[in-house]
J.: 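Right, I'll just put the structure down here and ask away after.
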Amino acid sequence: MKKITYFDVIVVGGGHAGAEAAAAAARMGAKTALITHSISKIGEMSCNPAIGGLGKGHLVREIDALDGIMGQSIDKSGIQFRMLNSSRGPAVRGPRAQADRKLYKNSIQKILFNQKNLSIIEETIEDLIIDKNKVCGVITHKLKKMHCRSLVLTTGTFLRGQIRIGKNSYPAGRLGDKSSINLAKKIESLKFSIGRLKTGTPPRIYKQSINFNDLEEQTPDKNPVPFSFINKFIHIPQISCFITHTNNKTHKIIKNNIHLSPMYSGQIMSMGARYCPSIEDKINKFSDKRSHQIFLEPEGLDNNIIYPNGISTSLPENIQENFIRSIKGLENAIIIKPGYAIEYDFVNPQELYHTLETKKIDNLFFAGQINGTTGYEEAAAQGIIAGINSALKLSNNRKFIIDRSDGYIGVLIDDLVTRGTNEPYRMFTSRAEFRLVLRADNADQRLTPLGIKTGCVSRFRENIFNYKINKLKKDFSMVKSKSISPNKLNKLGIPINHDGKKRSAFELLSFNNIGFDDIVKIWPEMGLIDNESREQIIIESQYAGYLKRQRDDIDDFKKDEQLTLPNNLDYKYVGSLSNEIVEKLSLIKPPTLGAASRISGITPAAIIALLRHVRRQKNNKEA
């Protein structure tokens with residue numbers, strides 16, 4: 001049987017970005033190939049065994065709203081679900097789940113292996129086929145040519161990856177896997193702006209060697225909330241994690257040996273993740289802190305490995321053992337795998353359009369750590385956007401871009417392509433200007449209609465979504481249609497101002513002393529409203545004024561976003577722009593006036609000049 005060597009879309013890399021890109025392109029009807037160096041490692045959690053968190057959980061919900069696979073897979077593998085910031089406002093609550101590594105990987109692979117239009121090929125890519133600035137395919141390690149119309153590169157930490165442990169250093173994409181040298185050289189030969197970044201991982205500890213008796217237990221939520229909007233319940237057994245801390249003895253060992261860390265010996269010059277520092281960085285930069293928290297996270301229900309979250313390190317193995325054994329509960333710890341740092345190539349994301357297509361090479365897309373991000377969730381978010389757009393390029397050249405006022409995915413990509421990065425980018429809720437509207441709980445209401453219109457959402461999910469929205473509209477209509485006077489409320493034992501003004505059930509829920517149970521007592525038919533609708537009604541009621549103000553702000557913001565800038569605009573002829581600003585605008589090619597205003601160094605005066613120039617050109621055409 002002849003092997004297929006032509007595809008609509010080829011996705012290179014089987015990590016979180018590659019899995020989402022391949023699944024999305026195939027869902028869109030494109031004949032897709034996922035090429036990976038090891039089929040058995042598709043969906044591998046290379047670092048921490050967890051999904052979600054503050055900001056990151058929002059991304060996972062949005063990926064799921066577009067029918068992505070990350071949310072579904074963590075729901076089938078999560079062994080400790082927790083809603084972070086549950087006592088705070090809904091905008092900053094972040095769903096997070098500890099994962100069983102094996103179950104998570106199995107779920108990702110099962111979805112991909114059963115995905116229509118998707119072929120999975122075990123090969124290593126050595127070169128790209130480029131013709132007239134357009135990508136046409138790839139050349140494998142076995143010198144086989146595979147042709148395509150769109151190509152998505154999701155290389156993770158494999159581009160010239162270099163692992164470092166103490167003085168030891170060797171090429172690797174991650175522990176146990178070869179790095180990609182030839183592909184890195186190819187990307188460099190195409191004159192992309194390339195930099196180096198660093199990430200790291202802690203040592204893994206044998207579970208039976210830990211004394212958990214005196215450690216703080218972290219229990220899961222009693223009622224775990226699924227990530228995927230198509231799931232109502234979690235069926236995986238939930239277990240506890242444990243917390244311990246570093247101490248003065250730990251810090252002394254690290255300080256005395258910090259010169260042996262590649263980060264402090266001069267071996268590593270690249271930037272690491274600011275918000276996920278190594279234990280060496282913590283001890284050096286926060287010397288006033290007497291201890292640092294460590295989360296001991298099981299890697300699975302039947303797994304004997306513990307992931308000590310919070311002590312990423314690249315110190316020599318014997319020093320790792322010494323400082324770990326100075327920590328409470330870890331006095332007899334046995335290290336199964338040492339921690340390590342890894343350096344790798346990335347491409348300046350300002351080389352990309354908002355679709356994640358490269359500006360230099362047509363039909364070539366980058367997604368994940370190659371664009372300077374850190375984390376599974378950030379990678380997957382880029383993957384699904386690159387996958388959708390690579391499929392859209394096949395026919396009518398439409399573009400799928402999520403505005404930063406519509407989703408955290410939009411914030412992520414807009415930040416990258418307009419501002420660039422010189423350190424691994426991590427998502428936080430604070431990065432979003434409109435976070436009260438962009439909540440994790442309403443991601444499907446914001447993005448699923450866009451996904452349906454684009455064609456990346458299955459009929460199954462579309463039916464579930466339509467049922468939910470119709471029910472939600474009905475429930476909102478009910479609570480807004482029922483009203484009662486203050487007099488009657490006081491007679492029912494619910495004190496409220498005697499101002500004579502009738503208020504709807506929806507308005508009453510904004511009062512601190514009135515809950516949904518009170519509403520049900522007044523109107524028993526409200527008891528038919530389920531918890532999902534209740535949550536949305538309560539949030540919309542309690543934050544009504546703030547939400548209206550933020551939605552007005554979004555309308556103002558979108559006025560600038562609607563003013564599009566021609567891709568071939570020659571900024572030299574705008575006038576009143578400095579050479580530096582002309583250079584930046586010419587490099588980034590912002591699609592809208594709003595995107596131009598968010599580029600570092602672009603002044604308000606430059607935006608006004610740009611606005612006048614575009615309006616003048618438009619008027620000349622209409623005249």
Side-chain angles (χ1 to χ4, degrees), residues 11-24 26 32-53 56 59-60 63-64 68-81 96-115 118-123 154-158 172-178 199 201-202 204 207 226-228 231 234-239 241 297-307 309 336-337 342 367-369 374-384 387:
V11 177
V12 177
H16 305 280
E20 293 291 353
T32 306
L34 173 60
I35 302 178
T36 175
H37 73 285
S38 175
I39 288 177
S40 66
K41 292 189 176 181
I42 290 174
E44 186 89 55
M45 299 180 112
S46 303
C47 195
N48 62 316
I51 295 292
K56 289 172 175 281
L59 288 175
V60 181
I63 292 163
D64 185 73
I69 64 178
M70 179 172 270
Q72 297 176 55
S73 293
I74 188 59
D75 285 352
K76 292 176 182 175
S77 60
I79 56 179
Q80 193 202 64
F81 280 77
R96 184 184 189 273
Q98 193 68 27
D100 182 305
R101 285 187 188 275
K102 183 174 69 176
L103 292 179
Y104 183 85
K105 183 167 70 170
N106 288 348
S107 177
I108 291 286
Q109 291 185 9
K110 184 177 180 181
I111 293 171
L112 293 179
F113 293 156
N114 288 292
Q115 175 63 55
L118 179 60
S119 300
I120 299 176
I121 300 167
E122 190 168 88
E123 265 283 20
T154 67
T155 51
T157 58
F158 279 70
R174 62 184 165 212
L175 200 62
D177 292 315
K178 292 180 180 179
T199 188
T201 188
R204 309 304 201 270
K207 183 179 179 180
F227 271 91
S228 179
N231 293 329
I234 298 299
H235 301 288
I236 302 295
Q238 300 293 286
I239 64 175
C241 295
E297 302 172 339
E299 296 205 349
L301 295 173
D302 59 356
N303 191 311
N304 286 321
I305 301 175
I306 295 293
Y307 181 93
N309 196 338
I336 295 173
K337 292 180 184 177
I342 182 168
Q369 282 175 289
T374 181
Y376 307 149
E377 303 82 2
E378 289 88 348
Q382 294 171 73
I384 197 167

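Predicted model, so just to flag it, every value in this text is computed and none were measured.
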J.: Using a strict threshold of under 4.0 Å (side-chain N to carboxylate O), is an ion pair present between Arg101 and Glu44?
T.: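 Looking at Glu44 and Arg101, the cut-off is not met.
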
J.: Hey, are the side chains of His16 and Met70 touching, using non-hydrogen atoms and a 4.5 Å cut-off?
T.: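 With C-beta onward as the side chain, the pair touches.
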
J.: Got Thr199 and Cys47 here, is their nearest side-chain heavy-atom distance under 4.5 Å?
T.: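 SC-SC contact between Thr199 and Cys47 ruled out.
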
J.: Can you tell me if Asn309 and Asn48 form a side-chain donor-acceptor pair at under 3.5 Å?
T.: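 No.
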
J.: Closer than 3.5 angstrom, by distance alone: can the side chain of Asn231 be matched with the main-chain N or O of Pro226 as a donor-acceptor pair?
T.: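 Such a contact is absent between Asn231 side chain and Pro226 backbone.
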
J.: State whether the side chain of Gln109 and the backbone N or O of Ile42 hold a donor-acceptor pair below 3.5 Å, judged by distance alone.
T.: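 Yes; at least one donor-acceptor contact below 3.5 Å.
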
J.: Rounded to the nearest 0.5 Å, how far does OH of Tyr104 lie from CD1 of Ile236?
T.: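 Rounded to the nearest 0.5 Å, the CD1-OH separation comes to 14.0 Å.
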
J.: Taking Thr154 for its side chain and Val12 for its backbone only, find out whether a donor-acceptor pair lies under 3.5 Å.
T.: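 Side chain of Thr154 to backbone of Val12, a donor-acceptor pair under 3.5 Å: yes, one is there.
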
J.: A side-chain contact here means heavy atoms from C-beta on lying under 4.5 Å apart; do Ile239 and Pro298 qualify?
T.: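 SC-SC contact between Ile239 and Pro298 confirmed.
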
J.: Any side-chain to backbone donor/acceptor pair from Asp100 onto Leu301? Under 3.5 Å, distance only.
T.: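 A pair under 3.5 Å: yes.
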
J.: Does Glu122 form a side-chain contact (heavy atoms from CB on, under 4.5 Å) with His37? I'd like the steps, not just the answer.
T.: CA-CA 5 Å; Glu122 190 168 88; His37 73 285; over 6 Å; no

J.: Answer whether the closest heavy-atom distance between the side chains of Tyr376 and Val60 falls below 4.5 Å.
T.: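 Heavy-atom side-chain distance check fails, nothing below 4.5 Å.
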
J.: Does any part of the side chain of Leu118, heavy atoms only, come nearer than 4.5 Å to the side chain of Phe113, both counted from C-beta?
T.: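 With C-beta onward as the side chain, the pair stays apart.
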
J.: So do Thr32 and Ser119 actually touch side chain to side chain, heavy atoms under 4.5 Å?
T.: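 Counting from C-beta outward, Ser119 and Thr32 never come under 4.5 Å.
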
J.: Considering non-hydrogen atoms only, spot the tightest contact between Ala379 and Ala17 and give its length.
T.: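 In this case the closest contact between Ala379 and Ala17 is O-CB, 3.3 Å.
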
J.: Backbone N or O of Gly173 within a donor-acceptor pair of the Asp177 side chain at under 3.5 Å?
T.: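 Pair absent, no side-chain N/O of Asp177 close to backbone of Gly173.
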
J.: Any chance the side chains of Asp64 and Ser228 put a donor and an acceptor closer than 3.5 Å?
T.: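 Checked: Asp64/Ser228 side chains pair up, N/O donor to acceptor below 3.5 Å.
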
J.: With a 4.0 Å cut-off on N to O distance, would you call Glu297 and Arg96 a salt bridge?
T.: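 Arg96 and Glu297: salt-bridged.
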
J.: So, the side chain of Gln98 versus the backbone of Pro49: is there a donor-acceptor pair under 3.5 Å, distance only?
T.: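 Judged by distance alone, yes, a pair lies under 3.5 Å.
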
J.: Look only at the side chain of Arg204 and the backbone of Pro202, and say whether a donor-acceptor pair between them is shorter than 3.5 Å.
T.: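 Looks like yes, one N/O pair under 3.5 Å.
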
J.: How about NZ on Lys102, more than 12 heavy atoms from neighbouring residues, nucleotides or ligands closer than 6.0 Å, or not?
T.: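 Check fails, neighbour count at 12 or below.
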
J.: Where the side chain of Ser107 meets the backbone of Leu103, is there a donor-acceptor pair that is under 3.5 Å apart?
T.: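 Here the side-chain-to-backbone pair does not exist.
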
J.: Hey, does the side chain of Glu377 reach the backbone of Gly52 with a donor-acceptor pair shorter than 3.5 angstrom?
T.: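 Yes; judged by distance alone, with no hydrogens or angles, the pair exists.
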
J.: Tell me whether Gln382 contacts the main-chain N or O of Gly368 through its side chain, where contact means a donor paired with an acceptor under 3.5 Å.
T.: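 Present.
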
